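Below, each value reflects all heavy atoms present in this structure, side chains not excepted, and no hydrogens, waters or symmetry copies. Start at 1 and go down the list; that is how both ligands and their atoms are numbered. Not measured: the values here are computed from a predicted model.
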Amino acid sequence: MHLLSALLVLFSLSDGFSPNCPGRCSCDSEQSVQCYRVMEVPSGIPPTTKRLYISHSKIQHLQQSNFTRMLALEDFILLASGTESVENDTFKILNTLKTLELWKNKLRRVPRALPASLEVLKLNDNSIYVLHGSDFEGLKKLKVLELKNNLISSLSPSMLSSLVSLQSLMVDDNNIESVTGPFILPHLKHMSMENNKLHLISGGFFTSLQSLQFLSFSGNFLTKIPINLPKSLLSLKMERNQLKVVRFQDMIHLENLSHLYLSENLLSSIDGAQILANLTTLEVSQNQLQTLPFRLPVRLQKLDCSNNLIQKVTAQDFQDLPDLKHLFLDNNVVSLFEAGALQKCSQLSNLALEQNLLLSIPLRLPKTLARLDLKGNAIQDIAERELKDLKQLQVLNLRNNKISALDLKALECLPRLRHLYLDGNPWNCTCTLLRAREILKAKGTDVKGGRCAAPAEQQGESWMSSKKIMKQCEQHLHLTEKSKEVKKKPKSEESSSIKLIMDDDDYDYEID
Ligand SMILES: *[C@@H]1O[C@H](CO)[C@@H](O)[C@H](O)[C@H]1NC(C)=O
Ligand SMILES: *[C@@H]1O[C@H](CO)[C@@H](O)[C@H](O)[C@H]1NC(C)=O
Ligand SMILES: *[C@@H]1O[C@H](CO)[C@@H](O)[C@H](O)[C@H]1NC(C)=O
Ligand SMILES: *[C@@H]1O[C@H](CO)[C@@H](O)[C@H](O)[C@H]1NC(C)=O
Ligand SMILES: *[C@@H]1O[C@H](CO)[C@@H](O)[C@H](O)[C@H]1NC(C)=O
């Protein structure tokens, strides 16, 4: 904070040099002025100014006289300045004003008589508690209206009926309990009413919202997905509501819907989403699903079923998802993962299975995997056959399992591995494990190794960095190094003197 203040002071001092720029302001060019920590709208702002930005100031009241010499103004932004009231008609004279942003102030109502030229109005983070039809009268050009984080408790069509060009309406974080339709906003594309108190959306609400593409009702008390959603919809967010069932039949007309977010509801099963032929993302995290969704859409690219109660993963669940790239099944109770269950997902690159009950790494995972997360399961060992086809794998997380030994062959078959997480396992720090460490180091893999659980004298040692273990194994390693020299033709002086660094082809026959 002190640093910020110091910077701001510096800022304002340095501006004094620009002849027409008021104190505490900086005039980037003749047409853009920024002011900080002012006590009123500075007089002496150049009359050609098109953009005026004021923040962290103390301007309790705005009045018309403050703007009479700024008739070229197009954007006025007043941020975090404690503004409580705006005189009637303050902005009326600014007939080129396009953007008005009065964020983080203390306004209790929408300023009156806004100019008809306005295209963007943002009044987020104020204390506006009611909207009147007259507030937006004549704003035929307004495209963006944002009223997030205010105290509005209801929204009705008459309030917004003038806004014939409106494309985006954001009223998140208010106290809206009811909305009655129909809203006649033929160009509205984005509507967001997150974190309000909606229990029900009436059937007629959407009849005149024929351009709506992005709709969010996340964070309300809705028990049903609204019916009669507009056909134009691309994305629907219904997270953090009280949905118990989803009737995809009611959404059959949403032929372009590509993103559906249903996380944090009370869903115990999902069936029939395949009706949404163009759906690419489905998120159903934090519900009460005991099985994977049945009959998923064929175009699906991302499926998030994390934080549910899913017990098994079978080939049947995934037979028809050729485009799937991201699959999140973490934080479930998966104990059964059928071998080859994901074989038909020939694009899968990201598989999250952390925090489940798996006893081994699933067999025949897709060759396309780049990231595999198995943290927090009960896996006891790593076998070559589980990993040998994963030629694209870059990140493997096996943290917090029950693994005590590493199969060197299993590591060898992962040519692109860059990050390997092995900590939180009960490592048995034998000299073979130490050899694995050298192989991994030579490969350049970034490894989080963790600590030894056995043998007793190594307990608590970090096996990727411990000098103690290395000392004990030195003899062992040295001997094998010697024997190798006998078996193979001697290499150049240089390489044979570096005992712990081995070439790729050396360790094949070195394993005990
Ligand atoms: C601008 O408004 C303030 C109140 O915030 C007022 O005291 C001041 O006289 C006005 N300045 C001009 C130039 O009208
Ligand atoms: C401001 O305008 C409103 C309605 O347009 C009116 O009721 C109110 O009396 C006006 N206030 C002043 C101070 O003129
Ligand atoms: C669906 O998308 C296509 C392609 O963008 C578009 O031509 C069509 O009008 C859209 N359908 C609806 C109902 O909006
Ligand atoms: C949606 O799916 C239909 C039929 O499956 C197809 O004709 C249409 O082009 C798709 N729309 C988009 C935007 O992909
Ligand atoms: C650790 O490995 C050694 C050698 O393979 C074995 O004899 C020993 O029993 C293992 N210790 C534990 C606790 O598994």
One pair to check against side-chain hydrogen bond (donor to acceptor under 3.5 Å, both in side chains): H187 and S165. What are the steps and the verdict?
CA-CA 6 Å; H187 298 290; S165 302; 6.0 Å; no

Measuring to protein heavy atoms, does anything land under 4.0 Å from atom 2 (O) of ligand 2?
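Yes, there is one.
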
Is atom 11 (N) of ligand 2 less than 4.0 angstrom from at least one protein heavy atom?
yes

What do we get for E87 next to ligand 2 when only non-hydrogen atoms under 4.0 Å count, side chain, backbone, both or neither?
neither

To the nearest 0.1 Å, how far is [atom] from its closest protein heavy atom, and which atom is that?
{"atom": "atom 7 (O) of ligand 2", "answer": "R112 NH2, 4.8 Å"}
{"atom": "atom 13 (C) of ligand 2", "answer": "N88 ND2, 4.5 Å"}
{"atom": "atom 4 (C) of ligand 5", "answer": "T430 CG2, 3.9 Å"}

Could you measure the distance from the CG atom of D75 to the CG atom of L97? Nearest 0.5 Å is fine.
7.5 Å

For K58, is the NZ atom crowded, meaning more than 12 foreign heavy atoms sit under 6.0 Å from it?
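No.
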
Looking at K441, I'd like to know if its NZ atom is crowded, meaning that more than 12 non-hydrogen atoms belonging to other residues, nucleotides or ligands lie closer than 6.0 Å.
yes

Close aromatic pair by centroid cut-off 6.0 Å: F67 and F76:
yes

Which pair of heavy atoms, one from F217 and one from L222, lies closest together, and at what distance?
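So the minimum-distance heavy-atom pair works out to CB-CD1, 3.7 Å.
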
E255: numbered ligand 3 atoms lying under 4.0 Å from its heavy atoms
11 (N)

Which of the numbered atoms in ligand 3 are below 4.0 angstrom from a heavy atom of S232?
14 (O)

Which ligand 5 atoms are under 4.0 Å away from a heavy-atom of A454?
13 (C)

If we only count N/O pairs under 3.5 Å, is N428 in contact with ligand 5?
yes

Assess the side chains of E194 and S216: does a donor N or O sit below 3.5 Å from an acceptor N or O?
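Looking only at side-chain atoms, S216 and E194 do form a donor-acceptor pair, the distance falling under 3.5 Å.
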
